[in-house]
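Residue indices begin at 1 and follow the sequence shown. Predicted model only: the values in this text are computed from it and were never measured. Every heavy atom of this structure was used, including side-chain atoms; hydrogens, water molecules and symmetry mates were not.
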Amino acid sequence: MSGDRATGAAPGGDGADLLTGERDDDPSGSEPGSGTGASGLFAQGNQPRRRPQSAWQQRLARLGYRAPDLRPLRERLVPPMPDGAGVATGAPSAVLARLGLRLPPGLWTWLCRWSGWLGPLAVTLFGAILVFTHLGTPHDIIFDETYYAKDSWALWHYGFEVNWPDNANALILANPHKLPAPTGPAFIAHPPAGKWVIGIGEMIFGLTPVGWRFMVALLGSLAVLMVCRIGRRMFRSTLIGCVAGLLMCVDGLHFVMSRTGLLDLCVMFWALAAFGLLLVDRDRARARLADAVGATAENPDAAPDHDLASRAWLGWRPLRLLAGICLGLCCATKWNGLDFLAGFGLLSVFWDAGARKTAGARHPYLTAIVKDGLWAIVCVVVVGFLTYLASWSGWLFSNAKVGNSVDGGAYDRHWADHRGGLSAGSWGPIKHLPQVDMTWVPARLRSLWHYHAEIWNFNTTLTSPHIYQSNPWSWLVDARPVSFYYPGGLKPAQCGGAAQCSSEVLALGTPLLWWAACFALVYALYRWFFARDWRAAAICVGVAAGYLPWFEWQQRTIFYFYSIDFEPYLCLALALMIGGILGKATASRDRRLFGGIGAGALVIAIMATFLYFLPLYDAQITTYQQWNDRMWWSTWI
C-alpha cells in the first residue's frame with residue numbers, strides 16, 4: 001500500500017564501489033518509480049534524469065550496468081520511503097474497484113499512510129499463530145532441549161548451570177510434575193545469554209515444554225516482523241518486505257526452530273536485530289550527511305562538496321550502540337555470533353564510506369575510518385564485549401552450594417583463587433605463551449578466562465560422530481536435516497487404523513524455498529558485482545557471516561539446523577529475486593503481468609510445499625506411508 005510515490009530508491013551516480021554499492025534500485029533492478037500499491041499494481045512515478053548512454057553503455061546495461069544518475073543529491077543519499085507522512089497516496093486501487101470494492105478516499109489514505117506497519121504486523125500475526133498453536137506439542141524433551149531447558153531453569157534459580165540426576169527428564173515430564181535436585185555445578189559448552197532468555201518463559205509457565213519454548217517462539221515471531229520491516233527499508237517497498245517476512249513464516253526450519261527450546265534461533269534473532277538497527281542508522285546518518293553538505297529538503301539539488309563531506313560529524317548514533325548490545329548478546333548466546341559482529345561492524349563502516357563518497361568526499365574510506373571508525377569500534381566492539389561480560393554476571397558472582405559442591409559457586413568459579421597465572425588452555429597460537437604473574441587481575445576474571453579456554457577446547461575438538469551431523473556444503477540444498485523427535489510405540493488407532501504410525505519433528509527447511517534461495521543467492525551476487533547494488537551486498541554479508549565460517553570446522557560435529565543463523569538473509573535474497581521476476585517499472589504491461597504471475601506462482605508454490613511438509617514439522621501423527629511419501633531423499637531419513 002504505497003500509492004503512486006516511487007518506492008525504488010535512487011540509483012547512485014557516483015561510481016559505486018563493490019561493497020558499498022550505493023545503487024539503490026528497486027528489487028527488480030528497475031528504475032525508480034516501481035512502487036507497489038495496495039492493489040499489487042506498480043505505479044510509475046517520476047523517472048531520474050540520466051545522461052544519454054553510449055552504445056557500449058547500452059550493451060553493458062544488459063548485464064546490469066547503470067549509468068550515472070542525475071537525481072538530486074538528497075534523493076541519492078536519502079531515498080523516499082514507500083509510505084508515511086508527506087508521501088502521496090494516489091487514487092484508490094483500480095484492482096479493488098474491478099472486484100467491486102470501493103474504499104472511501106479517507107480510508108484508502110489511512111491504509112496507505114500506515115501500510116508500512118499494517119502489512120508487516122499482519123504477516124507477523126500469521127506467523128505467530130502458526131508457531132504458537134499447540135506449542136507444547138510434543139509433550140517431551142526433544143533433541144538438545146535436554147540441556148538448555150534445565151540449564152535455563154538453573155540460571156534463574158542458582159545463577160549458573162548445574163548437573164542433574166539421570167532420571168531428571170522423566171521427573172520433569174511426570175504428572176504430577178516433580179523437580180529433581182541438582183547434584184553439583186556443571187560444565188557448559190556455550191555462554192549463558194540464550195539460556196537467560198529461555199528461562200524467562202520458564203519463570204512464567206514453569207519447567208514445562210511451553211515454558212522452555214515460549215521465549216524462542218516469541219523471538220521467532222518478532223524476527224518475522226523485523227524481516228518485513230528490514231525488507232521494506234532495503235527495497236523501499238512494503239509489498240516486497242512483506243513477501244520476505246511471509247517466506248520466513250513458511251520456512252520449515254524457522255518454524256521448527258521457533259518451536260524448540262534451542263539456542264540457535266536466539267543467535268539469529270540478535271544478529272538480525274543488529275542488522276536492522278544498523279540499517280536504520282544508515283538512513284539516519286545519510287540524512288545528517290545530506291543536511292551537512294546543504295542538500296536539505298528545501299534544497300535537495302545541492303552539489304557534492306568535498307570539504308563539507310569530509311568534515312561532517314554524523315552524531316552519537318545511539319542505534320549503532322544498540323546494535324553493539326545486540327551483537328554482544330549474539331556472541332553471549334553462541335560464539336559464532338563473533339562472525340556477525342565482525343561482518344556487520346565492517347559493513348556499517350563501508351556504508352559510511354559510501355555515503356561520504358556520494359556527498360563528495362574524495363577520500364571516503366580514509367575519512368570514514370577517521371571520522372566514524374573509532375566510534376564504530378566503541379559501539380560495536382567495546383559495547384559488545386561489555387554486554388558479553390555482563391551476561392556472565394550470574395557465574396561471576398555465584399556463591400551458592402548445590403549438590404556435592406565444596407567451594408560453592410559455578411563450575412571453575414574458584415579455579416584462580418590459589419593461582420597467580422593466567423591459563424591459556426588451548427587458545428590456538430597463545431597456548432604456548434609463558435605463564436606470567438597476573439595476580440593484579442581479579443581472581444574471578446582469571447577463572448572466567450580459564451573457563452573460556454576449557455570451553456574453546458571442548459568446542460574445537462568435538463568430533464564424536466552423530467547420525468544427523470552434516471557438512472556445510474550440503475546445507476543450502478537441505479541434504480541432511482535433523483530429526484529432533486521420532487517416538488516409538490504409536491498405536492494403529494492413533495492414525496486411523498493403519499498398520500504403522502509415524503510422528504516426527506524434522507528440522508528441514510521448506511525444500512522449494514531453500515532450492516529457490518540457491519538461485520536467489522546467485523542473483524544477489526550478480527546484483528552486487530554487476531549492478532553495484534548495496535542491498536545485494538548486505539544480504540551476501542549476512543549469509544557469509546552465518547555460513548562460511550563453518551567450513552573451517554568441517555571436522556567438527558556440526559548440524560544443518562545451524563543454518564537458521566543466516567536463514568533470514570536467504571528470505572531477503574529470495575525477495576530481491578522476486579522483485580526481479582516482477583520486472584521493471586518501465587516494462588510493458590504484458591511483461592509486468594507475466595512477471596507478477598510468475599512471482600505469485602513461486603510464493604504460492606513455496607507456501608503449498610510448507611503445508612505439505614507441515615506434519616513433519618509439528619509432530620502430527622500420520623500413517624507410515626504418509627510419512628514415507630514426504631521422504632523425498634534417502635538422506636532425510
Side-chain angles (χ1 to χ4, degrees), residues 127 129-149 169-170 172-175 208-210 212-213 216-217 220 249-262 264-265 465-470 474-475 477-515 557 559-564 567 605-637:
I129 291 174
L130 283 176
V131 167
F132 279 95
T133 300
H134 303 303
L135 183 61
T137 302
H139 184 78
D140 207 338
I141 298 176
I142 66 175
F143 205 67
D144 281 353
E145 285 184 343
T146 189
Y147 305 115
Y148 306 130
N169 288 2
I172 291 171
L173 296 170
N175 188 14
T208 64
V210 171
W212 59 71
R213 295 170 190 164
V216 180
C249 288
V250 295
D251 176 49
L253 182 63
H254 179 264
F255 177 78
V256 169
M257 297 302 290
S258 296
R259 292 169 54 90
T260 310
L262 303 186
D264 302 270
L265 189 130
H466 191 286
I467 187 173
Y468 287 110
Q469 71 183 71
S470 60
S474 68
W475 290 358
V477 294
D478 281 353
R480 185 56 173 165
V482 182
S483 181
F484 283 176
Y485 173 78
Y486 193 97
L490 296 176
K491 299 178 181 179
Q494 293 179 268
C495 59
Q500 190 174 354
C501 302
S502 293
S503 177
E504 185 171 24
V505 175
L506 184 67
L508 169 72
T510 301
L512 184 57
L513 188 154
W514 281 69
W515 298 341
T557 308
F559 301 93
Y560 161 73
F561 65 83
Y562 295 171
S563 60
I564 188 64
E567 182 261 0
I606 289 172
M607 296 178 69
T609 306
F610 170 78
L611 184 62
Y612 178 72
F613 281 92
L614 184 59
L616 299 184
Y617 298 145
D618 60 359
Q620 295 181 34
I621 299 177
T622 65
T623 66
Y624 177 81
Q625 185 59 48
Q626 290 172 329
W627 172 86
N628 191 61
D629 288 342
R630 290 164 172 80
M631 294 294 106
W632 288 357
W633 292 0
S634 61
T635 56
W636 291 3
I637 300 175

Applying side chain to side chain contact (heavy atoms under 4.5 Å, CB included) to Q500 and L490, what does each step give before you reach the verdict?
CA-CA 8 Å; Q500 190 174 354; L490 296 176; over 6 Å; no
Please assess V216 against T260 for the test side chain to side chain contact (heavy atoms under 4.5 Å, CB included), listing each intermediate value before the final yes or no.
CA-CA 7 Å; V216 180; T260 310; over 6 Å; no
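In this structure, T622 has no side chain to side chain donor-acceptor pair (under 3.5 Å) partners at least two apart in sequence or on a different chain. Qualifying ring pair (Phe, Tyr, Trp, His ring centres under 6.0 Å) partners for F613, counting only residues two or more places apart in sequence or in other chains: W632, W636.
Using modelled atom types, one finds a donor on one side chain and an acceptor on the other under 3.5 Å when comparing Y486 with S502.
Considering OG1 of T623 and CG of D629, their distance stands at 7.5 Å, rounded to 0.5 Å. With values rounded to the nearest 0.5 angstrom, L262 atom CG is found 9.5 Å from Y562 atom OH. Here the straight-line distance linking atom CD1 of I141 with atom OG1 of T208 works out to 10.5 Å at 0.5 Å rounding. In this structure, the separation between CG on L506 and CE on M631 is 5.5 Å, given to the nearest 0.5 Å. The NE2 atom of H134 sits 8.0 Å away from the CG atom of D618 when rounded to the nearest 0.5 Å. One finds the CH2 atom of W514 at 15.0 Å from the OG1 atom of T609 (value rounded to the nearest 0.5 Å).
Across G127 and C249, no two heavy atoms sit closer than the pair CA-SG, 3.5 Å. In plain terms, the two heavy atoms of P481 and A507 that are nearest each other are CB-O, 3.2 Å. In plain terms, the two heavy atoms of R213 and L135 that are nearest each other are NH1-O, 3.1 Å. Summarising the geometry of P138 relative to A619, their closest heavy-atom pair is CD-CB, 4.0 Å, with the distance given to 0.1 Å. Listed here is the closest heavy atom pair of L173 and H139: O-NE2, 3.8 Å. In terms of heavy-atom proximity, G509 sits nearest to D251 at CA-OD1, 3.5 Å.
T557 places no side-chain N or O within 3.5 Å of a backbone atom of P465 that could act as its donor or acceptor partner. With hydrogens and angles disregarded, no donor-acceptor distance shorter than 3.5 Å links the side chain of R480 to the backbone of Q469. Of the possible donor and acceptor atoms, none in the side chain of R259 sits under 3.5 Å from a partner among the backbone N and O of F255. Formation of a donor-acceptor pair under 3.5 Å by the E504 side chain with backbone atoms of L616 is not found in this model. Y617 places a side-chain N or O within donor-acceptor distance of the main-chain N or O of L508, the cut-off being under 3.5 Å. With T510 contributing its side chain and F610 its backbone, the two residues share no donor-acceptor pair below 3.5 Å.
A side-chain hydrogen bond (donor to acceptor under 3.5 Å, both in side chains) with D478 is found for one member of W515, Y560, W633 and no other, namely Y560.
Side-chain atoms of P615 and R630, non-hydrogen and from C-beta on, do get closer than 4.5 Å to each other. Side-chain contact check for L253 versus S563: some heavy-atom pair is nearer than 4.5 Å.
Between F559 and F561, the ring planes are parallel. Angles under 30° get that label, and only those over 60° would be called perpendicular. Taking the six-membered ring where the residue is Trp, H466 and F143 present perpendicular rings, their angle passing 60° and hence far from 30°.
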